[in-house]
> 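Let me begin by handing over the structure; questions about it come next.
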Amino acid sequence: MDARRAKLARLREAGVDPFPPHFHRTHTNAQAHADFEPLSSGATPVTVAGRIMLLRTMGKATFAELRDGTDRLQAYLRVNDLGEDAYRLFLDTVDLADTVGVTGTLFVTRTGERTVHATSWQMLSKALRPPPEKWHGLTDQEVRFRRRHLDLISNLDARDVLHKRAAIVREIRRFLDERGFIEVETPVLQAQHGGAAARPFRTHHNALDRDMALRIALELYLKRLLIGGIDRVYELGRVFRNEGISRKHNPEFTMLETYEAYADYEDVMRMVEDLIATVAQRVLGTLEITVRGQTVDLTPPWPRVSLRKAILDASGVDYALHPTLESLDAAVRASGLKVEPQKTRAQLIDQLLSTCVEPHIVNPVFLVDYPVDLSPFAKRKPGEDDVVERFEAFAAGVELGNAFTELNDPDDQYERFLEQARAMAAGDDEAHVVDLDFIEAMQHGMPPAGGLGIGIDRLCAFLLDQPNLREVIAFPTLRAES
RNA sequence: GGGUCGGUAGCUCAAUGGUAGAGCAACGGACUUUUAAUCCGUUGGUUCUGGGUUCGAGCCCCAGCCGACCCA
């Protein structure tokens with residue numbers, strides 16, 4: 001770093017601003033490649049720029065590989081073309097990782113590399129620290145995520161993942177916008193967290209002297225908008241859950257929720273398979289993707305299988321025959337399954353799902369009709385007391401979405417909240433909180449509706465075949481640096 | 001939460017309990033179409049932290065911190 005500082009001083013002595021305020025390029029590197037034929041044949045001067053990734057000096061001539069956000073382009077600097085002083089200054093002051101601009105004409109070297117033949121160069125930003133090793137890049141996982149800028153400089157794959165994530169989000173918006181959904185933003189800071197089973201992050205508003213929580217879901221505010229008459233509404237936003245960090249969990253993550261009035265969960269299923277297939281086609285150009293070595297075919301329609309049948313087929317246990325925790329637990333033990341004991345029947349069913357069914361799913365499938373006690377916002381299936389119209393979409397062992405025909409009976413909703421309150425009193429710290437304000441809103445009449453939630457980070461990890469959620473998050477949550 | 005593996009030069013990695021090394025980067029030199037350019041030379045270390053065993057510890061033991069992978 002001392003050497004780089006000395007070069008910085010050397011530039012200033014030569015009257016050069018190492019961080020100049022103005023610079024205008026005529027082409028990005030990608031544009032220079034795209035228009036290479038006409039530009040090179042006409043010997044039209046171009047001005048390009050980029051970070052120096054490689055330097056190859058051969059005495060009186062130097063090759064430099066420039067990379068901007070679009071592509072790489074080689075520059076060729078020769079003492080004959082630049083003059084002694086400018087060439088000398090380049091050799092004396094330029095290091096790997098500096099950002100420079102180069103003006104010249106495009107040509108092809110005898111080894112076939114498209115190159116800009118420089119007539120002048122300009123320092124645009126002097127790097128005071130060296131880049132990671134040029135061939136191996138950064139491999140230390142901790143450094144990769146702590147200093148994501150270095151990861152992105154040296155690992156183009158990491159950059160590509162973020163580009164593709166942006167494309168996925170863009171196509172989701174486009175899909176929903178084209179169907180008349182209105183995008184909204186609802187409060188992140190809430191007096192009362194709700195809409196999911198999770199522990200919140202708590203904070204405090206000083207001026208109001210009031211404890212608040214960061215939202216754990218989007219659900220309850222979006223439903224208020226539904227009540228208000230916005231028939232198709234969605235939000236793509238960050239939610240926060242105060243839980244552990246793993247390959248599949250980040251404490252803050254991006255959630256999509258959609259609500260559509262006059263729709264039910266059957267309609268939502270059709271939308272979800274269409275949405276994910278459309279996004280895959282537009283971003284990846286295919287409906288056949290590879291996830292952890294398995295080929296996954298996203299072509300709709302996806303099979304609908306009841307949760308009860310899926311668990312019965314995978315485990316031999318029919319939970320419908322066991323209305324109590326004790327009975328179901330006994331059946332699970334009797335069948336010799338290695339399933340952790342749970343506090344409630346609903347949690348045990350959930351556990352059966354995640355250990356016996358989920359890992360074996362490859363192609364997408366909708367598991368439908370969940371037990372009511374797992375789903376406090378879903379409407380009961382007609383004629384069935386303990387089954388709700390809910391589905392979860394799975395593929396390649398990953399949950400891709402969760403949806404239901406939304407409960408809109410305020411009295412029923414109140415009863416469900418009370419049930420959750422009892423669970424909380426019994427020690428379930430993830431149980432839902434009773435939200436009387438929401439009940440009051442629902443008493444004004446919520447239209448029948450189908451609602452959907454999709455974890456965007458998990459969807460991206462799935463579509464982009466990234467085994468760790470952190471790869472699709474620019475700055476994943478890490479422990480404090482010691 | 002449990003198990004396995006790892007933390008050594010700026011980066012990527014070596015090193016039977018016995019003088020800590022290599023490649024890249026950096027620095028000096030040669031080289032006017034190179035492709036991880038090449039060639040010659042030089043510099044660079046609190047071996048994650050704290051204890052312990054030993055004549056002697058990067059290596060063995062204990063505790064901790066950080067990370068990766070697998071399992072829950």
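Throughout, protein chains are lettered first and strands after them, A, B, ... in sequence-line order, and every chain is numbered starting at 1. What you see is a predicted model, and the numbers here were worked out from it, not measured in a lab.
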> B:rG52 and B:rA57: how far apart are their C1' atoms, nearest whole angstrom?
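My reading of the C1' atoms in B:rG52 and B:rA57 gives 11 Å.
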> State plainly whether the residues A:Glu419 and A:Arg416 are in salt-bridge range, i.e. N to O under 4.0 Å.
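No.
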> Any side-chain donor-acceptor pair under 3.5 Å between A:Asp81 and A:His117?
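The answer is yes; a qualifying pair exists.
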> What distance, rounded to whole Å, do you find between the two P atoms, one in B:rG44 and one in B:rG21?
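About 12 Å, rounded to a whole number of Å.
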> Have a look at A:Val79 and say if it touches a base, only the backbone sugar-phosphate, or nothing, with a 4.0 Å heavy-atom cut-off.
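Base contact.
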> Under 4.0 Å, heavy atoms only, any strand: does A:Thr62 hit a base, just the sugar-phosphate, or nothing?
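It contacts nothing in the nucleic acid.
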> Sticking with atom P, work out how far B:rG45 lies from B:rC39, rounded to a whole angstrom.
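To the nearest whole Å, 26 Å.
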> Could I get the full list of side-chain hydrogen bond (donor to acceptor under 3.5 Å, both in side chains) partners for A:Thr299, not counting sequence neighbours?
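Expected list: A:Asp297.
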> Find the partner of B:rA25: check Watson-Crick (N1-N3 plus N6-O4 or O6-N4) and G-U wobble (N1-O2, O6-N3) distances, both under 3.5 Å, and reply none if neither fits.
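Base-paired to nothing in any strand shown.
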> Give A:Gln74 one of three labels, base, sugar-phosphate or nothing, depending on what nucleic acid heavy atoms sit under 4.0 Å from its own.
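Answer is base: heavy atoms of A:Gln74 come under 4.0 Å of a base.
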> Applying a 3.5 Å limit to both distances, which nucleotide forms a Watson-Crick or G-U wobble pair with B:rU4?
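B:rA68 - that is the nucleotide pairing with B:rU4, both distances being under 3.5 Å.
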> Report the distance from atom CG of A:Leu77 to atom C1' of B:rU33, rounded to the nearest whole Å.
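Computing the A:Leu77:CG to B:rU33:C1' distance gives 13 Å.
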> Distance between the C1' atoms of B:rA25 and B:rC11, in whole angstroms?
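Pairwise C1' distance, B:rA25 against B:rC11, rounds to 7 Å.
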> Using only side-chain N and O atoms of A:Lys134, determine if any of them is under 4.0 Å from OP1 or OP2 of B:rA26.
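It does not, given that no N or O in the side chain of A:Lys134 lies less than 4.0 Å from OP1 or OP2 of B:rA26.
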> Would you please name every residue forming a side chain to side chain contact (heavy atoms under 4.5 Å, CB included) with A:Arg247, sequence neighbours left out?
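Listed in chain order: A:Arg292, A:Asn468.
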> So if I take every side-chain heavy atom of A:Asn80 and compare against B:rC27, B:rU32, B:rA25, which nucleotide ends up nearest?
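Ranking B:rC27, B:rU32, B:rA25 by closest atom to the A:Asn80 side chain puts B:rU32 first.
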> With sequence neighbours left out, which residue pairs that include part of residues 42-60 of chain A fulfil the side-chain hydrogen bond (donor to acceptor under 3.5 Å, both in side chains) condition?
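Every pair satisfying side-chain hydrogen bond (donor to acceptor under 3.5 Å, both in side chains) with a residue in residues 42-60 of chain A: A:Thr47-A:Thr103, A:Arg56-A:Gln74, A:Thr57-A:Thr62.
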> Give me the distance, rounded to whole Å, that separates B:rU19 from B:rC66 when you measure between the P atoms they each carry.
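Result for the P pair: 34 Å, nearest Å.
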> If pairing requires Watson-Crick or G-U wobble contacts with both distances under 3.5 Å, which nucleotide is the partner of B:rU47?
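Base partner found: none.
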> Could you measure between the two P atoms, the one in B:rC27 and the one in B:rC70, and give it in whole Å?
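Straight-line distance between the two P atoms is 41 Å.
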> In whole Å, I'd like the distance from the CD atom of A:Glu133 to the P atom of B:rC24.
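Spelled out: CD on A:Glu133 to P on B:rC24 is 9 Å.
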> Reading nucleotides 67-72 of chain B 5' to 3', which nucleotides get B (base under 4.0 Å from a protein heavy atom), which S (sugar-phosphate only), which -?
SSSS-S
> Using atom C1' of each nucleotide, how far apart are B:rA20 and B:rC13 to the nearest Å?
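About 14 Å, rounded to a whole number of Å.
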> When you check the gap from the basic side-chain N to the acidic O, do A:Asp151 and A:Arg148 get nearer than 4.0 Å?
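A:Arg148 and A:Asp151: salt-bridged.
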> In terms of side-chain geometry, is the basic nitrogen of A:Arg165 or A:Glu471 positioned less than 4.0 Å from the acidic oxygen of its partner?
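No salt bridge links A:Arg165 with A:Glu471.
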> Please report the distance, rounded to the nearest Å, between CG in A:Leu55 and C1' in B:rU38.
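Going from CG in A:Leu55 over to C1' in B:rU38 covers 15 Å.
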> Please give the nucleotide sitting opposite B:rU38 as a Watson-Crick or G-U wobble pair, both distances under 3.5 Å, or none.
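Pairing partner: B:rA30.
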> Kindly state each residue pair satisfying ring pair (Phe, Tyr, Trp, His ring centres under 6.0 Å) with at least one member in residues 333-375 of chain A, sequence neighbours excluded.
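Counting only pairs at least two positions apart or across chains, the ring pair (Phe, Tyr, Trp, His ring centres under 6.0 Å) contacts touching residues 333-375 of chain A are A:Trp302-A:Phe366, A:Phe366-A:Phe391.
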> I want to confirm an ordering. Mapping A:Val94 and A:Glu113 to their closest nucleotides on RNA chain B, which one lands closer to the 5' end?
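Here A:Val94 is the residue nearer the 5' end.
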> I want to confirm an ordering. Mapping A:Ala61 and A:Val143 to their closest nucleotides on RNA chain B, which one lands closer to the 5' end?
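Its nearest nucleotide being more 5', the pick is A:Val143.
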> Considering every strand shown, what is the Watson-Crick or G-U wobble mate of B:rU53 when both distances are under 3.5 Å?
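Per the H-bond distance test, none.
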> Of the listed nucleotides (B:rC24, B:rA37, B:rA26), which one gets closest to any side-chain atom of A:Leu54?
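Side chain of A:Leu54 sits closest to B:rA37.
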> For a quick test of reading the model: is some side-chain N or O of A:Arg4 closer than 4.0 Å to OP1 or OP2 of B:rA26?
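So the side chain of A:Arg4 is outside the cut-off, no N or O lying under 4.0 Å from OP1 or OP2 of B:rA26.
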> Using the P atom on both, measure B:rU53 against B:rC62 and round to a whole Å.
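Roughly 15 Å separates the two P atoms.
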> So, does the side chain of A:Arg56 form a donor-acceptor pair with the base of B:rU34 at under 3.5 Å?
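Looking at the base of B:rU34, it does pair with a donor or acceptor on the side chain of A:Arg56 (distance under 3.5 Å).
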> Give every residue pair that meets the side-chain hydrogen bond (donor to acceptor under 3.5 Å, both in side chains) criterion with at least one member in residues 10-20 of chain A, sequence neighbours excluded.
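Sorted pair list: A:Arg10-A:Asp92.
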